[in-house]
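Quantities reported herein were computed from a predicted structural model and do not represent experimental measurements.
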Number of protein chains: 2
Amino acid sequence: MSRPRAVKKEAPYHHGDLRRVILETALELLAEKGESSVTLREIARRAGVSHAAPYRHFSDHRALLAALNDEGFMALRHALEAATAKVSAAAPVSRLLVVAETYVDFAAANPARYRLMFAGPRHAAPDGSNVPAEVFAYVAGLVAEAQAQGALRQENVKLMTNMIWATVHGIASLALNQRLVGTETGDNSSTLAREAIAALIKGLAP
Amino acid sequence: MSRPRAVKKEAPYHHGDLRRVILETALELLAEKGESSVTLREIARRAGVSHAAPYRHFSDHRALLAALNDEGFMALRHALEAATAKVSAAAPVSRLLVVAETYVDFAAANPARYRLMFAGPRHAAPDGSNVPAEVFAYVAGLVAEAQAQGALRQENVKLMTNMIWATVHGIASLALNQRLVGTETGDNSSTLAREAIAALIKGLAP
DNA sequence: ACATTTATGTTGTCAGTGTCAACATAAGAT
DNA sequence: ATCTTATGTTGACACTGACAACATAAATGT
């Protein structure tokens, strides 16, 4: 019988899966006190390890942020897929509108995290993966379907996806920083996103 | 005859207008090495003053960034006004398209600065001014004119301005971080901005 | 089973930074 | 001329990122 060193079965070494703990602690700090407070030493403190322990899992402070970044995009992708799954696949335009709402809601629910995700140029992942590109591709798929249905002009899919993404990202970004003016009405920025995307799609119709 | 202490006539005290020098040095650092490198001590070093001198002009590191921020919005406003001045006032839609292009060009020309301008919620200025709001109001004026001409629906001006601003900001922000996908064609993000705003306006037409 | 290698974690240290207090000096006001 | 205030300097402290040297447990080979 092995002593109950760690609960998780994958617990590989001395302490347990410290890497996971670090990422979760970093997320907590990010949500609590913003990016400037997610510091390696504070994370180590909260995780109960020495101040240099995180360096065994992240070469750098930036590397940690980059990892958080990619996790953020994975979470965003899951949120979008879960939301679109509730809408008929036969209605790609409706799906795009839901994507717009969900996207903005995600940003509003995770402000610091979302800010971090778009704080600068993407750092190439060590394994060559590109999560943001996957999310983009997912939306591009919806655009292509909308084109096939005749709801959008049969033009450059990437171009149109860029427009849609930019619009939604712009609303999310401005809302996050309280830069949307005159929010007297329903105020929910997600409805603004829906309306903006609806207008854009109308303007991009054949 | 007073000794040639300083060149500028407003030079008020010992060193000259250190406040201005600090802001300019900060801008240099921002453009050269990004926000994380604009540090009070490095600024002081470059300005040839002691490491604590900047505290006589900015209470805080954040206060300095906030000042840079407001200066950025002033520069943006000037850029937009200069660009629109070249287009007939009788063509508000054309002016909006020029605003879109100029806006994105401004961001592309000052990446770190633009990032800083939208890095977080705005800090209230000590004098109560609100430069970003002035820029917004300027664009809103164009929207109102476009409505009066029948190019846009006669709906909530602020709402439409939010949409336009968000779209343009989204494109600028994504372009800055190299997050626009498939830039094979003309590639200039400013043309993307023009097309996106054109489509949006079309979708918002009566 | 044992020794060896590798993966993790710790301690100690250094430079750079933000911030403050105490002090120094020049400009303006009385 | 003296006093007050604005500005600049010195010195200090805590915190952070980063590295090197060391310690130990897990994995691996024989």
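As a whole-Å value, the separation of B/Arg20 CZ from D/dT7 P is 15 Å. As a whole-Å value, the separation of A/Arg45 CZ from D/dC15 C1' is 8 Å. Protein atom CD1 of A/Ile22 is 11 Å distant from nucleotide atom C1' of C/dT8, rounded to whole Å.
Because its NZ or CZ atom is not both nearer than 6.0 Å to the ring centre of A/Tyr138 and within 45° of the ring axis, A/Arg77 does not count as a cation-pi partner of that residue.
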Step-by-step side chain to side chain donor-acceptor pair (under 3.5 Å) determination, A/Asn69 to A/Arg113: CA-CA 8 Å; A/Asn69 211 303; A/Arg113 190 183 201 177; over 6 Å; no

Please walk me through it: do A/His61 and A/Tyr55 pass side chain to side chain donor-acceptor pair (under 3.5 Å)? CA-CA 9 Å; A/His61 186 223; A/Tyr55 284 89; over 6 Å; no

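Side-chain contact annotation: A/Asn177 with A/Arg115, donor-acceptor N/O pair under 3.5 Å present.
Between A/Leu29 atom CG and A/Leu68 atom CG the span is 10.0 Å, to the nearest 0.5 Å. Here the CD-CD distance, from A/Glu28 to A/Glu42, works out to 10.5 Å after rounding to the nearest 0.5 Å. Note that the OG1 atom of A/Thr167 and the CG atom of A/Leu200 stand 5.0 Å from one another [nearest 0.5 Å].
Near DNA chain C, meaning a heavy atom under 4.0 Å from it, residues 53-62 of chain A has A/Ala53, A/Arg56, A/His57 in order of number. Interface residues of residues 27-44 of chain B facing DNA chain C, ordered by number: B/Thr39, B/Leu40, B/Arg41; criterion, heavy-atom separation under 4.0 Å.
The main-chain N or O of B/Ala63 is never found under 3.5 Å from a side-chain atom of B/Asp60 such that the two would form a donor-acceptor pair.
One finds no side-chain N or O of B/Arg19 lying less than 4.0 angstrom from the OP1 or OP2 phosphate oxygen of D/dA6.
The base of D/dG11 sits with one of its N or O atoms less than 3.5 Å from a complementary donor or acceptor on the side chain of B/His51.
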